[in-house]
Q: 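Take this structure first; my questions come after.
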Amino acid sequence: MKDITIYTLTSPLHDEQSVTASTHLFLSSLGIDYDMCGSDFSTYGQSILDLIYVRTGGTENIFRQLLPQIQSSGKPVLLQCPDDPAPDETVCPAPSAGYGDDARGNEPPA
């Protein structure tokens, strides 16, 4: 087993084959050695570093269902919003917030 294990969250609304191909390209570009467990969280907590790669939107309920299992590993869990400047940033838009409603003042695309 490698030191890093990557688990994935993917909305069932997305084409798994296409998302998997994009994931492979992205992770390969990082040049890191890892085990890929995908959506099988049965070994979560057994690696030195377990990462959950949120590959698509619409995975909030999947994560919510997995959270008790993730927490039972005894490892810390860090949730980070996209585009946050630092991991210790604690302000995240509420799931129902729209553009311009979050703490960073994001505006809708032109």
Side-chain angles (χ1 to χ4, degrees):
M1 180 174 271
K2 297 180 175 79
D3 291 345
I4 300 172
T5 301
I6 299 178
Y7 301 86
T8 60
L9 293 178
T10 309
S11 168
L13 300 176
H14 294 272
D15 174 44
E16 180 69 30
Q17 187 174 6
S18 175
V19 174
T20 298
S22 295
T23 299
H24 178 71
L25 284 172
F26 171 70
L27 293 175
S28 295
S29 74
L30 299 178
I32 59 173
D33 197 20
Y34 62 89
D35 283 324
M36 173 63 80
C37 285
S39 61
D40 177 5
F41 283 73
S42 62
T43 60
Y44 187 89
Q46 296 179 12
S47 295
I48 292 173
L49 178 61
D50 292 308
L51 299 174
I52 300 173
Y53 181 31
V54 180
R55 302 190 303 176
T56 67
T59 59
E60 296 87 349
N61 286 328
I62 297 170
F63 180 78
R64 188 174 288 125
Q65 291 171 352
L66 287 167
L67 188 56
Q69 179 183 349
I70 292 167
Q71 290 173 321
S72 73
S73 74
K75 289 191 172 189
V77 176
L78 169 68
L79 298 178
Q80 185 168 350
C81 299
D83 303 323
D84 275 352
D88 60 7
E89 180 73 36
T90 57
V91 178
C92 247
S96 62
Y99 277 102
D101 293 339
D102 69 25
R104 293 180 302 268
N106 291 334
E107 295 299 323

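Note that the structure is predicted; figures quoted are calculated from it, not measured.
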Q: Report the residues that fulfil side chain to side chain donor-acceptor pair (under 3.5 Å) with T23, sequence neighbours left out, ordered by chain and then residue number.
A: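 For T23, the residues satisfying side chain to side chain donor-acceptor pair (under 3.5 Å) (neighbours in sequence not counted) are R55.
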Q: Using the side chain to side chain contact (heavy atoms under 4.5 Å, CB included) criterion, which residues pair with D15? Sequence neighbours excluded.
A: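 Testing D15 for side chain to side chain contact (heavy atoms under 4.5 Å, CB included), a comparison that skips the adjacent residues, returns Q17, S18.
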Q: Output all residues satisfying side chain to side chain contact (heavy atoms under 4.5 Å, CB included) with Q71, sequence neighbours left out; order by chain, then residue number.
A: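 Once residues adjacent in sequence are excluded, the partners of Q71 under the side chain to side chain contact (heavy atoms under 4.5 Å, CB included) criterion are L67.
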Q: Could you walk me through whether D50 and S73 pass the side-chain contact (heavy atoms from CB on, under 4.5 Å) test, one step at a time?
A: CA-CA 10 Å; D50 292 308; S73 74; 5.9 Å; no
Q: Looking only at heavy atoms, what is the nearest atom pair of T8 and S39, with distance?
A: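 For T8 versus S39, the nearest heavy atoms are OG1-N, 3.6 Å.
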Q: Distance-only, no hydrogens or angles: does the S11 side chain make a donor-acceptor pair with backbone N or O of T56 under 3.5 Å?
A: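 Checking the backbone N and O of T56 against the side chain of S11, no donor-acceptor pair under 3.5 Å is found.
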Q: Excluding sequence neighbours, so at least two apart, what forms side chain to side chain donor-acceptor pair (under 3.5 Å) with D33?
A: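 Scan of D33 (side chain to side chain donor-acceptor pair (under 3.5 Å), adjacent residues dropped) gives none.
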Q: Sequence neighbours left out, what passes side chain to side chain donor-acceptor pair (under 3.5 Å) with T20? Give chain and number order.
A: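 Counting only residues at least two positions away or on another chain, T20 forms a side chain to side chain donor-acceptor pair (under 3.5 Å) with E16.
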Q: Which distance, rounded to the nearest 0.5 Å, do you find between the CD1 of I70 and the CD of Q65?
A: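 Interatomic distance, I70 CD1 to Q65 CD, rounded to 0.5 Å: 11.0 Å.
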Q: Can you get from L30 to L51 by hopping between Ile, Leu, Val, Met, Phe, Trp and Tyr side chains that sit under 4.5 Å apart?
A: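 Per the 4.5 Å side-chain linkage, L30 and L51 are co-clustered.
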Q: Within this structure, what is the CG-CD1 distance for the pair L49 and I32, rounded to the nearest 0.5 Å?
A: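 Those atoms lie 8.5 Å apart.
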Q: Taking only residues two or more places apart in sequence, or in another chain, which ones meet D35 in a side chain to side chain contact (heavy atoms under 4.5 Å, CB included)?
A: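 In terms of side chain to side chain contact (heavy atoms under 4.5 Å, CB included), with neighbours along the sequence ignored, D35 is linked to M1, K2, T5.
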Q: Could you give me the CA-CA distance, side-chain angles and deciding distance for L9 and L66, then say whether side-chain contact (heavy atoms from CB on, under 4.5 Å) is met?
A: CA-CA 10 Å; L9 293 178; L66 287 167; 3.6 Å; yes
Q: Could I get the full list of ring-ring contact (aromatic ring centres under 6.0 Å, His included) partners for Y44, not counting sequence neighbours?
A: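 So Y44 forms a ring-ring contact (aromatic ring centres under 6.0 Å, His included) with Y7.
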Q: Strictly by ring pair (Phe, Tyr, Trp, His ring centres under 6.0 Å), give each pair with a member in residues 12-39 just once, sequence neighbours left out.
A: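 Listed once each, the pairs are F26-Y53.
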Q: Taking a hydrophobic cluster as the set of Ile, Leu, Val, Met, Phe, Trp and Tyr residues connected by side-chain heavy atoms closer than 4.5 Å, whether directly or through intermediates, do V77 and I52 fall within one such cluster?
A: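 Yes, because V77 and I52 connect within a single hydrophobic cluster, where side-chain heavy atoms sit under 4.5 Å apart.
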Q: Report yes or no: do V19 and V54 belong to one cluster of Ile/Leu/Val/Met/Phe/Trp/Tyr joined by side chain heavy-atom distances under 4.5 Å?
A: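 Not linked; separate clusters.
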